[in-house]
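Let me begin by presenting the structure, written as structure tokens, before commenting on it.
Note that the coordinates shown come from a computational prediction; the quantities given were computed from them, not determined experimentally.
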Amino acid sequence: LSVIEDQNAAEQKIARRAEEFAALYETAQDLAGQQDLSGLLQATVERAATLFKATYCTLSLYDAEQDELELVAVKGLPAPVGTRLKSGEGLAGRVAQSRQPLMLDDYSAWEHRLPHFDGVGLGATIEIPMLYRGELIGALGVGEIGTTRKFTAADVRLLSLFAEHAASAVHSARLLQDTSQRAQELALLYDAGLTLNRTLDPRTQLEFLVKLAHTALRADSAEFFVLDPARNELQYEFAIGLHNPAAEALPNLRFAADDDSTINGWVAKHRLPLN
């Protein structure tokens with residue numbers, strides 16, 4: 001009887017894993033077809049939560065320049081999108097730093113837990129690094145709130161496979177987004193060249209170039225200040241997208257071209273961009 005029970009349990013386990021891998025394959029196909037990055041990120045957390053029947057799922061992307069992770073998609077957890085963690089901070093930060101999965105039976109008892117999750121009742125959790133050809137893309141996590149469920153090593157392996165597919169999809173979507181953006185920028189520059197060749201009026205040229213920058217950077221506003229060499233001052237010339245009271249105040253503003261306590265003065269003095 002015990003042999004039959006063991007055999008039945010083994011068969012059920014195999015059947016469950018077969019269903020999970022079938023769902024993983026279907027999910028990978030779906031993610032691969034996503035071209036919009038924001039839609040892809042949200043689809044990833046939705047799919048992962050469904051695949052693992054988890055209460056919540058989070059996805060953070062890695063910012064190599066700042067060595068930080070930014071939460072970009074979340075399902076089922078009171079965590080605001082845009083939250084940033086340093087490498088090594090919290091569960092996602094530690095996974096990003098080590099490039100290794102991390103599984104906890106009870107997050108609320110973990111000594112390195114983030115204080116802003118105190119009182120939420122986070123329980124079993126898995127966090128996986130999202131890697132594409134050795135490059136860290138981000139971190140993906142699933143977990144439970146207020147349950148006695150425990151994840152297994154098999155769950156870690158399955159989520160690792162899922163994260164691998166998700167990382168590849170994110171990489172492709174980013175590449176497509178960058179390519180599209182570069183094409184738009186080249187089109188804008190081409191239009192600028194045509195316009196500048198059509199007119200010799202400096203004011204018209206300047207206004208068009210500022211409008212071009214405003215459009216290319218998807219900015220809310222753009223201002224142009226011209227140097228008055230006699231006074232060594234920058235004075236307001238024109239602006240796009242500004243509304244009162246800022247629009248009323250700007251025409252009266254002048255900035256010393258060697259005063260680096262202001263943005264305009266700093267740029268004029270150092271002859272460098274300032275972000």
Task: Distance in Å, K150 NZ paired with L104 CG, rounded so as to fall on 0.5 Å steps - done: 11.0 Å

Open item on the list: Tell me the closest heavy-atom pair linking A79 and V74, and the distance in Å.
Closed with: O-CG1, 3.7 Å

Open item on the list: Determine whether L206 and V226 satisfy the following criterion, side-chain contact (heavy atoms from CB on, under 4.5 Å), listing intermediate values before the conclusion.
Closed with: CA-CA 11 Å; L206 281 173; V226 67; over 6 Å; no

TODO: State whether the side chain of R271 and the backbone N or O of A268 hold a donor-acceptor pair below 3.5 Å, judged by distance alone.
DONE: yes

Open item on the list: Test of understanding: clusters of I, L, V, M, F, W, Y form through side-chain heavy atoms closer than 4.5 Å, transitively. Do V45 and L91 belong to the same one?
Closed with: no

Task: Side chain proximity check, L69 to E89, heavy atoms < 4.5 angstrom - done: no

- [ ] May I ask you to test the P129-L136 pair for a side-chain heavy-atom distance under 4.5 Å?
- [x] yes

Task: Side-chain H-bond candidate by donor/acceptor type, N264 with T262, under 3.5 Å - done: no

TODO: Answer yes or no: is there an ion pair linking K86 with D67, defined by an N-O contact shorter than 4.0 Å?
DONE: no

Task: M130 reachable from V72 in the ILVMFWY side-chain graph, under 4.5 Å edges - done: yes

Open item on the list: Do the side chains of K269 and D260 get close enough for a salt bridge, i.e. N-O under 4.0 angstrom?
Closed with: yes

Task: Interatomic distance, L272 atom CG to W266 atom CH2 [nearest 0.5 angstrom] - done: 5.0 Å

Task: Other residues, nucleotides, ligands: >12 heavy atoms within 6.0 Å of D220 CG - done: no

Task: Set of residues satisfying ring pair (Phe, Tyr, Trp, His ring centres under 6.0 Å) with respect to W110, sequence neighbours excluded - done: Y107, H112

- [ ] Determine whether more than 12 heavy atoms belonging to other residues, nucleotides or ligands lie under 6.0 Å from atom CD1 of I263.
- [x] no

Open item on the list: In the structure I gave you, are the side-chain heavy atoms of R99 and L131 within less than 4.5 Å of one another anywhere?
Closed with: yes

Open item on the list: Quick one, L77 and L122 - any side-chain contact, counting heavy atoms below 4.5 Å?
Closed with: yes

Task: Heavy-atom pair with the smallest gap, counting every atom of A92 and L85 - done: CB-CD1, 4.4 Å

Task: Main-chain N/O of P80 paired to T83 side chain as donor or acceptor, under 3.5 Å - done: yes

- [ ] Enter the distance from R47:CZ to C57:SG here, rounded to the nearest 0.5 Å.
- [x] 13.0 Å

Open item on the list: Under 3.5 Å, is there a donor on one side chain and an acceptor on the other for E223 and S221?
Closed with: yes

Open item on the list: Measuring from atom CD of E248 to atom CG of L242, what distance do you get when rounded to the nearest 0.5 angstrom?
Closed with: 11.5 Å

- [ ] Would you indicate whether the side-chain heavy atoms of D228 and R254 approach each other to under 4.5 Å?
- [x] yes

- [ ] Begin with the C-alpha distance, continue with both residues' side-chain angles, and end with the deciding distance and a verdict on salt bridge (Lys or Arg N to Asp or Glu O under 4.0 Å) for E237 and R203.
- [x] CA-CA 10 Å; E237 188 74 9; R203 173 75 181 204; 3.0 Å; yes

TODO: Could you go through the side-chain contact (heavy atoms from CB on, under 4.5 Å) check for V142 and T125 one step at a time?
DONE: CA-CA 6 Å; V142 296; T125 307; over 6 Å; no

Open item on the list: So R149 and F151, do their side chains get closer than 4.5 Å, heavy atoms only?
Closed with: yes

Open item on the list: Are V156 and V95 connected into the same hydrophobic cluster when the rule is that any two of I, L, V, M, F, W, Y join if their side-chain heavy atoms are below 4.5 Å apart?
Closed with: no

- [ ] List the steps, then state whether side-chain contact (heavy atoms from CB on, under 4.5 Å) holds for R94 with E127.
- [x] CA-CA 9 Å; R94 285 180 171 263; E127 195 80 28; over 6 Å; no

Task: Gap between atom CD of E233 and atom CG of L227 - 0.5 Å precision - done: 9.5 Å

Task: Donor-acceptor contact present, side-chain T58 to main-chain Y56, <3.5 Å - done: no

Task: Pairing of K211 and E207 as salt bridge, 4.0 angstrom limit - done: no

Open item on the list: Would you call the rings of F225 and F255 parallel, tilted or perpendicular, taking 30° and 60° as the class edges?
Closed with: perpendicular

Task: same_hphob_cluster(F224, L209) at 4.5 Å side-chain heavy-atom cutoff - done: no

TODO: Identify the heavy atoms of I128 and S160 that sit nearest to each other, and give their distance.
DONE: CD1-OG, 3.5 Å

Open item on the list: Does any part of the side chain of F52, heavy atoms only, come nearer than 4.5 Å to the side chain of L158, both counted from C-beta?
Closed with: yes

Task: Close side-chain approach of L159 and D155, heavy atoms under 4.5 Å - done: no

Task: Full working for side-chain contact (heavy atoms from CB on, under 4.5 Å) between L61 and V170 - done: CA-CA 9 Å; L61 292 182; V170 169; 4.1 Å; yes

Task: In one Ile/Leu/Val/Met/Phe/Trp/Tyr side-chain cluster, 4.5 Å: L40, L140 - done: yes

Task: Nearest heavy atoms of A249 and L253, plus distance in Å - done: O-CG, 3.6 Å

Task: Approximate separation, where rounding is to 0.5 Å, of Q42 CD and L37 CG - done: 12.0 Å

Task: Nearest heavy atoms of V210 and A222, plus distance in Å - done: CG1-CB, 3.7 Å

Task: Heavy-atom pair of closest approach, residues K75 and A49 - done: CD-CB, 3.8 Å

